K.L.:
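Quick one: this structure, given as structure tokens, is what I'll be asking you about.
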Amino acid sequence: MARKLAVALSPDQLQSMLRTMHMIRQFDLRALDLYREGAMRGSTHPYIGMEAVAVGACAALRPADRITSTHRGHGHCLAKGGDPRLMMAELLGKATGYCKGKGGSMHIADVEAGILGANGIVGGGIGLATGAALAAQLAGRDDVTLCFFGDGALNQGILHESANLAAIWKLPVVYICENNQYAMSARADKFTSVPDPEVRAKAYGFPGVSCDGMDVMAVYRTVADAVARARAGEGPSLVVCVTYRYFGHHVGDPLNYRDKAEVDAWKTKDPIDRFQADRLAAAVTQEIDAAVAFAKASPEPEVEALMEDVYA
Amino acid sequence: MARKLAVALSPDQLQSMLRTMHMIRQFDLRALDLYREGAMRGSTHPYIGMEAVAVGACAALRPADRITSTHRGHGHCLAKGGDPRLMMAELLGKATGYCKGKGGSMHIADVEAGILGANGIVGGGIGLATGAALAAQLAGRDDVTLCFFGDGALNQGILHESANLAAIWKLPVVYICENNQYAMSARADKFTSVPDPEVRAKAYGFPGVSCDGMDVMAVYRTVADAVARARAGEGPSLVVCVTYRYFGHHVGDPLNYRDKAEVDAWKTKDPIDRFQADRLAAAVTQEIDAAVAFAKASPEPEVEALMEDVYA
Amino acid sequence: MSRPVIETTPAPAATRVLTYAEALNEALREEMRRDPRVFVMGEDVAVWGGGGVFGVTRGLVEEFGPQRVRDTPISEEAIAALAVGAAVAGARPVAEFMYADFMGLAMEPIVNQAAKIRYMFGGKASVPVVFRAQEGAGRGNAAQHSQSLEAWFCHIPGLKVAVPSTPADAKGLLVSAIRDENPVVFLEHKILYNTKGPVPAGDVAIPMGVADCKRAGRDATFVGVHTMVHKALAAAEILAAEGIDLEVIDPRTLVPFDLDTIVASVRKTGRLVVGHEAYERCGIGAEIIAQVITAAFDALDAPPVRVCGENVPIPYNARLEAAALPQVEDIVAAVHQVVA
Amino acid sequence: MSRPVIETTPAPAATRVLTYAEALNEALREEMRRDPRVFVMGEDVAVWGGGGVFGVTRGLVEEFGPQRVRDTPISEEAIAALAVGAAVAGARPVAEFMYADFMGLAMEPIVNQAAKIRYMFGGKASVPVVFRAQEGAGRGNAAQHSQSLEAWFCHIPGLKVAVPSTPADAKGLLVSAIRDENPVVFLEHKILYNTKGPVPAGDVAIPMGVADCKRAGRDATFVGVHTMVHKALAAAEILAAEGIDLEVIDPRTLVPFDLDTIVASVRKTGRLVVGHEAYERCGIGAEIIAQVITAAFDALDAPPVRVCGENVPIPYNARLEAAALPQVEDIVAAVHQVVA
Ligand SMILES: Cc1ncc(C[n+]2csc(CCOP(=O)(O)OP(=O)(O)O)c2C)c(N)n1
Ligand SMILES: Cc1ncc(C[n+]2csc(CCOP(=O)(O)OP(=O)(O)O)c2C)c(N)n1
Ligand SMILES: [Mg+2]
Ligand SMILES: [Mg+2]
């Protein structure tokens, strides 16, 4: 079947992606402030550092496509078009919030917008996403579901059961593992039995790939391929995005399990800085290209011009 | 670490294996009779056709090693040294049975003998076996646990979770998948997303191999290697034994999902016939070998013999 | 999913005798014809002997095809979780668990997802899923294939719980369950599948939350579910011979629960016996008693009595199994106790 | 496992003030010193900030090493199942679930394996495992991190269920749970971890099945668990000012259950209020009422009243959450109702 592979995004789309990455970062910085000042309850899990994943992945979707999210869900929600006002109101438990104040950070959802919810259960969204993909298949639609989950969820049984089902039924779902190196204090490389979790896709006979989760365009291209495959009826894929969370798991994380040097090293790969720099460089490149094109397309001077402009 | 690989079994051991295979077959044929005549309740799942798996695998064990079994558990129990009298009494729900009549076919256990029980839950023994291996590791013992389960259990989440844990903790457990082609009416090749389930071991970074489950010596050699590895502290393995159940899933199985030709084809590979034939051929080979050895080792006739025996 | 929605005109109340399994099958078939979003998934629901180990899904794959009648691998957690996700995304799944005991593997999606999604999402989603399973002992299936676990589900807000005892109730309640916008745990009983009874043809939804008086009586009220309804009717015959007139009420659904009907009965009889096969401790019998006590303490002339499963795993041996289960004579004895 | 068994001489009953979390920690530490077969496993029990998100396992990995204090992946079903297998094979695991809500993932090994193995195997195995978890609401953790699910476990024969409300009970019951040959579901409460109380030093097992009268009173009996004990003690102060003398009984374990102590109290007061944070429907309150009704119907001067969690998922918003939970004033009102 012919697949539509990752297409070039328009400058407007790219601009909007950069804006969403900033939005996610600022949203979560503000959520941390609100939490620290006691305006929030429960816990909040910042997505800061991981913005490229949600934004790159969701750029590959159509509005009718769906996502499932995690406890660390603000980024996914914003990237899929969630309204920051309704989200923020929900964090404060207000009647105007997405969940009328009943859900809080971990249960924000916007089913109309295809956001089937953050989830307080690690792995809780995996079966839901697979089921949503089944619903699309049954309805004869080519909608795709993206299923976000962390490296910690890799070892939940539901992933195994869902992946097998998605494979045998060729369901249009893309499993996106956000490998941010830790599940609370548990290092991905110690608690998951394989260094590269994408090999687990082999156990189900579907493609497994990894990409640089700090590079929004790399995420976009990788996920777009998987989405195209799913949309074409060829079944699920696993995409592992290698990334990092800058902050603690939640406010109050003792952070004794990792050192500052590691954090600093990752920050040098900051996804926003990088995309911004790439965008700026690209803009300059574009100008230069335009200059070259202009130059090349321009006429040679006429011979008549030889003696012109010697004097005013 | 040096491993003791599959060692040659003594003639007594081989004879005892053959005897156990016969014992399993006759035990289950009789159980079917008892069930049909109404002497048993619940259900009974005959192991007939699969005898090579339990017997070959358990031949690789020491008495202090342990096994976990399944709903189709009579074969495992007999192979690990279970007492057929106490088993049969349990099938009839008698006070003298292994479970005092409280368990029936699906819960026969002999913890002293290392048989941690048949199990009514598909996949139910997988976590138990992995935990028993953990107990052995914690106790500083080199006992190994064999975990039997069917192809149907391959898609239960507990296998995924347990395999990951066994891998990261290097637990002395060997996962033995009895791929008898069906889980009730579900064909293994349609309900499991990969044709060769042993590839799933790659998802955990430990060895996965398959062997001819109709050949008791092939099972023995393959499992013995995995057991040696586990005993040496090198962690788990997955062994897939390709086999077949001759009868229905249980009495009353409509058997509409497979045809007789398939059954007949598998019966030509009967594990008992084959082992018996091999044993007989081996015995003849041994006699011939002995004859050759005798001949070779025998003295040439003395020259003096030249004129002897012409007349009485 | 191009099948047209077939408009059903309520059929004339022609009544046939069907088994409980056939009645369930008819409900599934008629709802699948009516609404193309309804589909069935579970282990061995399609290929196995033509539809489920108890025949409830017989013939469905032939009529609706393997897309809408899906055999699954043995993956109970995923069966439940996929059904929930599909329901949120607009389908109407009927997910089958071969034995209720196996729902221990599926509690997370049923309890933490299905039951809570609507509330957690501020009312902006619905989860129209039916989780079917069969409970109960009596066939020597032993401890892992004989439990009645309805109390677990009744405990969880957001779930509805149906427990039909007759073919007609089975059909009518399953129709309602499938049409409900909420997750319904629909618990059948293995011993009842082959029992027969009259079932009206056609569109016969029985609303959830309406108890049914299976036998009117003056002297004592029995409230129970599944097989206990039938045992109570048998006990009522024995008691009638002694001149004791037992009223037998089947709540039919436990959530919602028709307390009014039961309280009205207790106000009439002054005596209450409650029965279920499930383990007595923290079973639904305690809840029913607690609710009646609150609503009608004054009306009770004797302490209510429970006739329930022993607090013991279900044993294999026939004699022990029978002793672990509440029997007709236990109901008779309990009624004697309350009317004494 | 070469550590020697350290013989503990019961220490002089020196009493210190500890938090509930510290008391639990002390129980684990002392039992791990005493018995080398005891080990701890769970998510973030070792490395995370030095021992569990609530500090219950603090310092254990430093003393006993990573073999006996095992951080696990996020695999709740396997945590439970491995613990059961290890227990059958001679170890004594204490498995932690970070939130009781996550036990939905682990019901199968807890309920179908741990609870039933001894019985199914004809008494020829024991399963000395402790499943620790924390329940309860009050911190805005919302619907999937706030439930109290003790009724599920009480329903299942073969499990014991402990629910300590004070630091001393926490230590003494955990010691008993670890020494028990049976599976114990040991449910802590998140709000109680930082509460303080006197805890005797040394070997202080509190036997299972012995209720504790936390306040003697003449006019009404309150039976409740966890935070409800403390709320009832607060309510008792308010009521005392009105001249109503509330007796507050904490069963401490729900299975086994010390009915005798409660019946004796009800025979004295004639009034019963039962309280828990768990959803009211099919919660343990109903069971306690049903048992008291059976044992002491004649002694009751008023219908028992339940003060329980609403039948609703726990909401995030503080005001709604408070409204979903039973509060001191609800207890006061309930006592007013029964003494009216
Ligand atoms: C079933 C379950 N187990 C445990 C937890 C507690 N918990 C919340 S987040 C988390 C770590 C998740 O790690 P990962 O999946 O890598 O996501 P990340 O936090 O890194 O984004 C844990 C253990 C939970 N919420 N649900
Ligand atoms: C959790 C669970 N789900 C379903 C069943 C019902 N069941 C019993 S055996 C079986 C098939 C098992 O197939 P497999 O694992 O291949 O073993 P086999 O019967 O072929 O030996 C099923 C579905 C069960 N007992 N437990
Ligand atoms: Mg992570
Ligand atoms: Mg099989």
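All chains are named by letter (A, B, ...) in the order of the sequence lines, taking the proteins before the strands, and each is independently numbered beginning at 1. As the structure is a prediction and not an experimental result, all values here were calculated from the model. No hydrogens, no waters, no symmetry mates; every other heavy atom, side chains included, goes into these values.
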K.L.:
Using a 4.5 Å cut-off on heavy atoms from C-beta on, say whether the side chain of Arg306(D) contacts that of Gln291(C).
P.N.:
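Sidechains of Arg306(D) and Gln291(C): in contact.
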K.L.:
Do the side chains of Gln147(D) and Lys116(C) get nearer than 4.5 Å, heavy atoms only?
P.N.:
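Result yes, sub-4.5 Å side-chain heavy-atom pair found.
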K.L.:
Please rank Leu300(C), Leu149(C), Ile156(C) by heavy-atom pairs under 4.5 Å with chain D and give me the top one.
P.N.:
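Highest number of heavy-atom pairs under 4.5 Å: Ile156(C).
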K.L.:
CD of Glu287(D) to CD of Glu287(C): how many Å apart, nearest 0.5 Å?
P.N.:
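The CD atom of Glu287(D) sits 11.0 Å away from the CD atom of Glu287(C).
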K.L.:
Give, as side chain, backbone, both or neither, the part of Ala302(C) having an atom under 4.5 angstrom from any heavy atom of chain D.
P.N.:
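Contact with chain D: backbone only.
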K.L.:
For chain C, which of Gly104(D), Ala106(D), Pro157(D) has the most heavy-atom pairs under 4.5 Å?
P.N.:
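Most heavy-atom pairs under 4.5 Å with chain C: Pro157(D).
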K.L.:
Taking C-beta and beyond as the side chain, do Pro303(C) and Ile293(D) meet within less than 4.5 Å on heavy atoms?
P.N.:
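A side-chain contact exists here, since the closest heavy-atom pair is under 4.5 Å.
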K.L.:
Between Asn112(C) (side chain) and Phe102(D) (backbone), is there a donor-acceptor pair under 3.5 Å?
P.N.:
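No, the answer is negative, given that no donor and acceptor are paired below the 3.5 Å cut-off.
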K.L.:
How many angstroms lie between atom CZ of Arg281(D) and atom CD1 of Ile284(C), to the nearest 0.5 angstrom?
P.N.:
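Separation between the atoms: 12.0 Å.
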K.L.:
Determine whether Val111(C) and Asp101(D) make a side-chain contact, defined as any pair of heavy atoms from C-beta on separated by less than 4.5 Å.
P.N.:
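No, their side chains stay 4.5 Å or more apart.
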K.L.:
Any chance you could measure Tyr279(C), atom OH, to Cys154(D), atom SG, to the nearest 0.5 Å?
P.N.:
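Between Tyr279(C) OH and Cys154(D) SG, I get 14.0 Å after rounding to 0.5 Å.
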K.L.:
Heavy-atom distances under 4.5 Å only: say whether Tyr119(C) touches chain D with side chain, backbone, both or neither.
P.N.:
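The side chain, not the backbone.
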K.L.:
Sort Pro109(C) into side chain, backbone, both or neither according to what part of it lies under 4.5 angstrom from a heavy atom of chain D.
P.N.:
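Neither the backbone nor the side chain of Pro109(C) comes within 4.5 Å of chain D.
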K.L.:
Just so I know, are the side chains of Val255(D) and Asn311(C) near enough to count as touching, which here means a heavy-atom distance under 4.5 Å?
P.N.:
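No, side chains not in contact.
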K.L.:
Specify the closest pair of heavy atoms between Ala151(D) and His155(C), including all atoms of both residues, with the distance to one decimal.
P.N.:
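In terms of heavy atoms, the two residues are closest at CB-NE2, 4.0 Å.
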K.L.:
Could you state the interatomic distance from CE (Met107(C)) to CD1 (Ile110(D)), rounded to the nearest 0.5 Å?
P.N.:
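Reported to 0.5 Å precision, the distance equals 11.5 Å.
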K.L.:
So what's closer than 4.5 Å to chain C heavy atoms on Ala142(D): side chain, backbone, both or neither?
P.N.:
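Contact with chain C: none, neither part.
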K.L.:
Is there a side chain to side chain contact (heavy atoms under 4.5 Å, CB included) between Met120(C) and Gln144(D) once you walk through the steps?
P.N.:
CA-CA 9 Å; Met120(C) 288 190 309; Gln144(D) 293 174 338; 3.6 Å; yes
